Amino acid sequence: MKRNDLPKVGSCCWAVFEHLYYIAGNASPRMEYCAAKAEITSVFTVGRNQEIRYIYQSPEGHRRIGYSKIQDIGVPGKSCFLTCGEAAMEAKRRSDSYDRTWGFTKETPIRRPWEHLFPTGSEGSK
């Protein structure tokens, strides 16, 4: 994103985040990556950086707040994206990395609640 092209308050973006959930009968929580639509609530300056604050909902319906530098929007490995497709690709990248890292434990792969965000036929290469 260009420095002069600041996002507007009230516009939408997409957040990618970790989510912990419990399964009945298991002592430990399970983890998944989620992508959620977010609303930009403020644009401000911290030092020499322009940043945004955005609000999104967790799968349980709780309101969560996120912050991102303007130059980090849409960057792989970060958490804020302008389109749902970019957010889904980041969630896929994180989920695949998690499954590769913990695959030796023989647990089932983590849930992928973001898969419906991909346009039909463009799930990316495996």
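In this text the structure is predicted, and so the values were computed from the model without any measurement. Residue numbers start at 1 and run along the sequence shown.
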Output yes when a side-chain donor or acceptor of E90 lies under 3.5 Å from a complementary backbone atom of V16, and no otherwise. no
Value for NZ (K37) from CD1 (I55), rounded to nearest 0.5 Å, stands at 15.0 Å
For S42 and V9 the tightest heavy-atom approach is CA-CG2, 3.9 Å
Separation of N49 CG from I70 CD1 (nearest 0.5 Å): 9.5 Å
Cationic tip of R111 within the cone over Y21's six-membered ring, i.e. under 6.0 Å and within 45° of the normal? yes
Pair D96 + K92, salt bridge at N-O below 4.0 Å: yes
Give, for atom CD of E86 and atom SG of C80, the distance between the pair rounded to the nearest 0.5 Å. 9.5 Å
For I110 and E32, the nearest pair of non-hydrogen atoms, with its separation, is CD1-CA, 4.4 Å
Measure the acute angle between the ring planes of F17 and Y56, then classify it against the limits of 30° and 60° as parallel, tilted or perpendicular. tilted
Verify same cluster id: M89, W114 (apolar side-chain graph, 4.5 Å): yes
Report yes if the side chains of Q50 and V43 come closer than 4.5 Å at any heavy-atom pair, otherwise no. yes
Quick check on the 6.0 Å ring-centre criterion: do Y54 and Y67 meet it? no
Gap between atom CG of L117 and atom CD of E115 - 0.5 Å precision: 10.0 Å
Any chance you could measure S95, atom OG, to E18, atom CD, to the nearest 0.5 Å? 10.0 Å
Close side-chain approach of I23 to R30, heavy-atom, < 4.5 Å: yes
Kindly check if the number of other-residue, nucleotide or ligand heavy atoms within 6.0 Å of CZ (F104) is above 12? yes
Please report the interatomic distance SG(C34) to CZ(R94), rounded to the nearest 0.5 Å. 11.0 Å
For S68, what residues pass the side-chain hydrogen bond (donor to acceptor under 3.5 Å, both in side chains) criterion, not counting sequence neighbours? none
Pairwise side-chain contact, P59 with P113, heavy-atom cut-off 4.5 Å (strictly under): no
Tell me whether D99 is salt-bridged to R112, with the criterion being a basic N under 4.0 Å from an acidic carboxylate O. yes
Pairwise side-chain contact, F81 with I73, heavy-atom cut-off 4.5 Å (strictly under): no
4.5 Å side-chain heavy-atom contact, T101 and Y98: no
Any side-chain heavy-atom pair of Y33 and H19 under 4.5 Å: no
hydrophobic_cluster_shared for I40 and L82, side chain cutoff 4.5 Å: yes
